[in-house]
Amino acid sequence: MNTVLSLAEYMSYVKTYHPLIKQANLVVTDAESQLLQARGAFDPKIEVDYNHKTFKNTEYYDKLNAAFKIPTWFGIELKGQIEQNEGVYLNPENNVPIDGLYNLGISIPLAKGLLTNKRMAMLKQSKVYIDQSKETQKLLVNNTLYNAIVAYFDWLRFYNESQIYLDYLNNASQRFEGIKQNYFEGQAAAIDTTEAHIAILNRKQEFENAQLKLKKAQLKLSNYLWIQNTPVELSELMIPDTNTLDVLDRSLNLETNSDININSHPKIQALQLKQQHLEIERRLQKNNLLPTINFNYNFLTETPNQLNSLNIDDYKLGLQVSIPLFLRKERGKFQLVNNKIQSNKLDLETEKVNLKTKISAIQEEINSYSNQYGFSLQMVNSYKKLLQAEERKYQIGESSIFLINSRESKLINVQLKVLELNYKLMHSKAKMFNSTIFNNS
């Protein structure tokens, strides 16, 4: 007994188990990993620098410098440090108390790197990239579903085509048996049996060709059928839902597409998020035009366990200033990112126009194919009446097998045209599904 596999049930299998859908989910996972990596730039860290030199039984120096650093959001870095140095030939500036010298300090970029810096920009861009990857994921999932839906339509089309040829093969066989019986009874000419037998051979050939197309469509559909991590081959007893067109709008969620907002399309969202990404880069490159002015200040003490031992008169400070004279490198990078921003804005506007045009064209296709499909159904009914009339005329001796076969061939051609228009109409609705992905989530 045959089992019907509906489009909705088939799509649920694809969404749940197909590897390409799972692969699309990895796009977001990759983005989350990049965000974790960007957050790592703000991780506190411990640094240890140890140097020792002994030559001819003389300890030249033994230096230990250990630090604990805490990066903060606005480029400011907090730092705790201990120095323990000794040795015969120790540089005088490295002389410290026997128990070591402790310091607690801060490093502040006063110009370049204060309001924005590379680690801040990377973190912001990684957060934007997560949203961008979600839009990319939607596109990948939707394209996979679209290809799977088209494979289902191919299967449905060739199944219906095969059924048409099978029905007319049975009709031709029954007609041949009737004419053969009439021939034996002397009521039909021998040439009529030849004509009827040729019709059977034609129908067999057409049915065999239709079966070949159906088998290929079944194999193509099987590419999208998975259970857990195992591909599943479509059973010969499984058949498509012949009423798919009647429920297609509901299955593809096209009933809610009357009010379309282009700005919510994943392609548009991805380009808008890319714009945010580039704006963050632009602010960073603009900040890089500023001079490097780094200020360091450290409190010094021998007894860090006593808070009152911190004396503002014991300190170490430093000021580092650096600026390229022509800023050609920095100005070049700033100009490049500005060009990318302008280019992305143009891409955004172009994509909006393309989407609007594409959706309008698909809607026109749907309207046209719907009308043509209705006309073809009327033609099928008319050709069926002509065939029935021709068969009645044959029964009273006013027609021939040739004319019956001719009428039947025209009816088959019209029925195949109906299947083709049915396929085109469903395919256009699938394209609408793929183009209006923002209403399918």
Side-chain angles (χ1 to χ4, degrees), residues 150 152-183 187-218 239-246 248 364-429:
V150 171
Y152 185 91
F153 292 164
D154 288 338
W155 179 41
L156 173 61
R157 177 184 181 180
F158 294 124
Y159 171 79
N160 286 332
E161 184 177 314
S162 179
Q163 291 300 114
I164 288 175
Y165 284 124
L166 179 61
D167 290 341
Y168 285 105
L169 174 59
N170 293 332
N171 289 344
S173 299
Q174 292 175 5
R175 188 180 300 121
F176 173 71
E177 292 299 327
I179 292 173
K180 187 169 66 172
Q181 183 65 33
N182 289 341
Y183 167 72
Q187 298 179 5
I191 194 65
D192 286 346
T193 61
T194 303
E195 186 78 34
H197 187 254
I198 290 174
I200 290 179
L201 295 177
N202 283 333
R203 299 295 176 255
K204 283 183 177 180
Q205 183 184 30
E206 291 165 343
F207 177 69
E208 189 65 29
N209 187 46
Q211 283 291 101
L212 176 61
K213 293 179 183 178
L214 176 60
K215 186 61 180 179
K216 288 182 177 179
Q218 289 173 333
I239 63 173
D241 182 7
T242 54
N243 298 317
T244 297
L245 181 60
D246 298 333
L248 187 57
E364 290 298 325
E365 277 188 11
I366 292 174
N367 295 337
S368 178
Y369 288 142
S370 295
N371 293 333
Q372 294 181 55
Y373 181 68
F375 299 150
S376 296
L377 289 177
Q378 295 177 26
M379 291 173 64
V380 167
N381 292 330
S382 297
Y383 273 105
K384 282 183 177 179
K385 292 178 181 178
L386 288 175
L387 177 59
Q388 291 168 359
E390 202 66 48
E391 288 174 339
R392 286 195 297 269
K393 288 170 66 177
Y394 177 78
Q395 291 172 359
I396 61 177
E398 294 182 0
S399 185
S400 65
I401 295 299
F402 174 81
L403 290 175
I404 291 177
N405 288 338
S406 177
R407 294 289 190 192
E408 189 175 74
S409 295
K410 290 181 179 179
L411 176 57
I412 292 174
N413 289 335
V414 174
Q415 287 182 314
L416 293 178
K417 185 66 176 179
V418 169
L419 291 183
E420 180 184 359
L421 289 170
N422 178 282
Y423 174 81
K424 288 182 177 180
L425 178 56
M426 291 191 299
H427 192 269
S428 294
K429 291 191 175 187

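It should be emphasised that the depicted structure is a prediction, and the values quoted were computed from it without experimental measurement.
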Heavy-atom closest pair (I404 atom, Y394 atom, distance to 0.1 Å) is CD1-CB, 3.6 Å
Would you check if there is a donor-acceptor pair between the side chains of S368 and Q372 at a distance under 3.5 Å? yes
Going by an N to O cut-off under 4.0 Å, is there a salt bridge joining K424 and E420? yes
Is there a side-chain contact between L421 and V418, using heavy atoms and a 4.5 Å cut-off? no
Between K429 and E365, does the salt bridge (charged side-chain N to carboxylate O under 4.0 Å, His left out) criterion hold? Intermediate values first, please. CA-CA 9 Å; K429 291 191 175 187; E365 277 188 11; over 6 Å; no
R407 meets the salt bridge (Lys or Arg N to Asp or Glu O under 4.0 Å) criterion, sequence neighbours left out, with E390
Suppose we screen for side-chain contact (heavy atoms from CB on, under 4.5 Å). Which residues come up paired with E195, at least two apart in sequence or across chains? I401, F402, N405
Side chain to side chain, R175 and I179, heavy atoms closer than 4.5 Å: yes
NZ/NE/NH1/NH2 to OD/OE distance under 4.0 Å, E208 and K213: no
Identify whether the distance between the nearest side-chain nitrogen and carboxylate oxygen of R392 and E398 falls below 4.0 Å. no
Less than 4.5 Å apart, any side-chain heavy atom of R203 and any of I412? yes
Within the structure provided, determine whether N171 and Y168 are in side-chain contact (heavy-atom separation under 4.5 Å). yes
What one should report as the nearest heavy-atom pair of L387 and E408 is CD1-N, 3.9 Å
Does the plane of the ring in Y423 sit parallel, tilted or perpendicular to the ring in F153? Use 30° and 60° as the thresholds. perpendicular
